[in-house]
S.K.: 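Before I ask anything, here is the structure I am working with.
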Amino acid sequence: MNLILETERLILREMLPSDAEGMFKLDSNPNVVKYLGNKPFTSIEQSITIINNVRKQYLDNGIGRFVVVLKENNEMIGWAGIKFVTDIENNQTNFYDLGYRLHEEHWGKGYASEATKAWLDYFFQTMKHPVLVANVNVDNLGSNKIVKKFGFQFKETFYYEDIHCNWYELKKEEYLK
């Protein structure tokens with residue numbers, strides 16, 4: 001992908017095979033995956049598989065999760081982005097989903113909100129799609145707060161595997177008004 005998004009403090013760029021170590025550090029932290037089924041990665045091969053899947057999404061769907069890098073020191077601090085979901089979630093399929101995950105030491109600094117804003121602007125202004133979804137564990141207070149801050153509307157709760165989630169939607173006309 002030739003897409004790079006920039007914010008005041010962040011660069012959002014495609015995920016590369018060279019990001020495997022940073023991705024493994026992220027997904028092997030039990031606190032990071034607490035609301036995602038609490039299954040920390042145990043090998044870097046799991047991260048390599050994720051990166052390969054994300055890169056396939058770029059080819060298949062023209063979009064996917066991107067690495068989040070701090071401008072000040074080029075440190076990879078997590079990922080954020082839009083994913084086209086073709087599996088069934090909450091009895092829905094073929095929808096765009098917003099997601100993000102940051103290294104624990106970078107929580108509470110506004111990076112998730114900054115990356116979310118960049119992706120919302122890109123999704124609604126450049127991609128010009130009408131609706132974006134966000135699925136958030138009901139107990140993840142921080143992420144629930146972020147999506148509500150940007151105007152996502154709660155629709156219902158559902159279970160994704162064994163995880164109790166909130167289903168949110170944000171419509172283009174609501175975001176751009």
S.K.: Report the C-alpha separation of Leu98 and Ile82 in whole Å, then their side-chain angles, then the decisive distance to 0.1 Å, and conclude whether the side-chain contact (heavy atoms from CB on, under 4.5 Å) test is met.
M.R.: CA-CA 5 Å; Leu98 171 74; Ile82 307 294; 4.1 Å; yes
S.K.: According to the interplanar angle, ranging from 0 to 90°, do the rings of Tyr96 and His129 count as parallel (below 30°), tilted (30 to 60°) or perpendicular (above 60°)?
M.R.: tilted
S.K.: For a quick check under 3.5 Å, do Thr7 and Tyr111 share a side-chain donor-acceptor pair by atom type?
M.R.: no
S.K.: Once rounded to the nearest 0.5 Å, what's the spacing between atom CD1 of Ile77 and atom NZ of Lys25?
M.R.: 10.5 Å
S.K.: When you look at His103 and Asn29, which way does the side-chain contact (heavy atoms from CB on, under 4.5 Å) test go after all the steps?
M.R.: CA-CA 8 Å; His103 288 288; Asn29 181 335; over 6 Å; no
S.K.: Who are the side chain to side chain contact (heavy atoms under 4.5 Å, CB included) partners of Arg55, not counting sequence neighbours?
M.R.: Glu14, Leu16, Pro17, Ile51, Tyr58
S.K.: Drop me the distance from Leu132's CG to Tyr168's OH, to the nearest 0.5 angstrom.
M.R.: 13.5 Å
S.K.: Closest approach of Met76 and Asp19, non-hydrogen atoms and distance?
M.R.: CE-O, 4.1 Å
S.K.: Decide, yes or no, whether a salt bridge links Lys34 with Glu104 under the criterion of side-chain N to carboxylate O below 4.0 Å.
M.R.: no
S.K.: First locate atom CD of Gln57, then atom CZ of Arg65, and finally report the distance between them rounded to the nearest 0.5 Å.
M.R.: 7.5 Å
S.K.: Rounded to the nearest 0.5 Å, what separates atom OG in Ser28 from atom CE in Met23?
M.R.: 11.0 Å
S.K.: Within a radius of less than 6.0 Å around NZ of Lys109, do more than 12 heavy atoms belonging to other residues, nucleotides or ligands occur?
M.R.: yes
S.K.: Which pair of non-hydrogen atoms, one from Ala80 and one from Ala115, has the smallest distance, and what is that distance?
M.R.: CB-CB, 3.8 Å
S.K.: Take atom NZ of Lys56 as the centre, draw a 6.0 Å sphere, and report whether it contains more than 12 heavy atoms from other residues, nucleotides or ligands.
M.R.: no
S.K.: Can you measure from CG (Asn94) to CD1 (Ile88) and round to the nearest 0.5 angstrom?
M.R.: 9.5 Å
S.K.: When clusters are formed by joining ILVMFWY residues with side-chain heavy atoms under 4.5 Å apart, either directly or through shared neighbours, do Leu70 and Ile4 land in the same one?
M.R.: yes
S.K.: Of the non-hydrogen atoms in Ile163 and Leu36, which two are nearest, and what is the gap between them?
M.R.: CD1-C, 3.4 Å
S.K.: Please determine whether the number of non-hydrogen atoms from other residues, nucleotides or ligands lying under 6.0 Å from atom CD of Glu8 exceeds 12.
M.R.: no
S.K.: Could you verify whether a donor N or O on one side chain and an acceptor N or O on the other, from Asn144 and Asn166, lie under 3.5 Å apart?
M.R.: yes
S.K.: If Ile, Leu, Val, Met, Phe, Trp and Tyr residues are connected whenever their side-chain heavy atoms lie under 4.5 Å apart, and connections chain through other members, are Ile11 and Val67 in the same group?
M.R.: yes
S.K.: Are Val131 and Trp119 joined in one hydrophobic group, where the rule is that I, L, V, M, F, W and Y side chains link up if heavy atoms are under 4.5 Å apart?
M.R.: no
S.K.: Leu176, Val147: one ILVMFWY side-chain cluster at the under-4.5 Å cut-off?
M.R.: yes
S.K.: Using the side-chain contact (heavy atoms from CB on, under 4.5 Å) rule, take Phe41 and Ile50 through it: C-alpha gap first, then chi angles, then the decisive distance, then the call.
M.R.: CA-CA 11 Å; Phe41 281 11; Ile50 294 295; 3.8 Å; yes
S.K.: Would you indicate whether the side-chain heavy atoms of Tyr122 and Leu5 approach each other to under 4.5 Å?
M.R.: yes
S.K.: Taking a hydrophobic cluster as the set of Ile, Leu, Val, Met, Phe, Trp and Tyr residues connected by side-chain heavy atoms closer than 4.5 Å, whether directly or through intermediates, do Met127 and Tyr100 fall within one such cluster?
M.R.: yes
S.K.: Has the side chain of Glu174 got a donor or acceptor atom that lies under 3.5 Å from a matching backbone atom of Gly151?
M.R.: no
S.K.: For a quick test of reading the model, state the closest non-hydrogen atom pair linking Phe124 to Pro130 and the distance between them.
M.R.: CE2-O, 3.9 Å
S.K.: For residues Ala112 and Ile146, report the shortest heavy-atom separation together with the two atoms involved.
M.R.: CB-CD1, 3.7 Å
S.K.: Return yes if some donor-acceptor pair links the side-chain N/O of Asn137 with the main-chain N/O of Asp139 below 3.5 Å, else return no.
M.R.: yes
S.K.: Inspect the surroundings of NZ in Lys172 and state if more than 12 heavy atoms from other residues, nucleotides or ligands are less than 6.0 Å away.
M.R.: yes
S.K.: Gln46 and Asp27: side-chain donor and acceptor closer than 3.5 Å?
M.R.: no
S.K.: State, with a plain yes or no, whether a side-chain heavy atom of Asp121 is found less than 4.5 Å away from one of Tyr175.
M.R.: yes
S.K.: If you round to the nearest 0.5 Å, how far is CD of Glu105 from CH2 of Trp107?
M.R.: 9.5 Å
S.K.: Among pairs that include at least one residue of residues 76-87, which meet side-chain hydrogen bond (donor to acceptor under 3.5 Å, both in side chains), considering only residues two or more places apart or in two chains?
M.R.: none
S.K.: Examine the side chains of Glu75 and His106 and answer whether a donor and an acceptor come within less than 3.5 Å of each other.
M.R.: yes
S.K.: What I'd like to find out is whether the side chain of Asn90 reaches to under 4.5 Å of the side chain of Asn135, using heavy atoms alone.
M.R.: no
S.K.: Pair Leu120, Phe152 - check side-chain contact (heavy atoms from CB on, under 4.5 Å), show working.
M.R.: CA-CA 11 Å; Leu120 292 177; Phe152 279 84; 4.0 Å; yes
S.K.: Tell me who clusters with Tyr160, hydrophobic residues only, linked when side chains sit under 4.5 Å apart either directly or through other members.
M.R.: Val85, Phe95, Val133, Phe158, Trp167
S.K.: Looking only at non-hydrogen atoms, find the nearest pair between Pro30 and Pro40 and report the distance.
M.R.: CA-CG, 4.0 Å
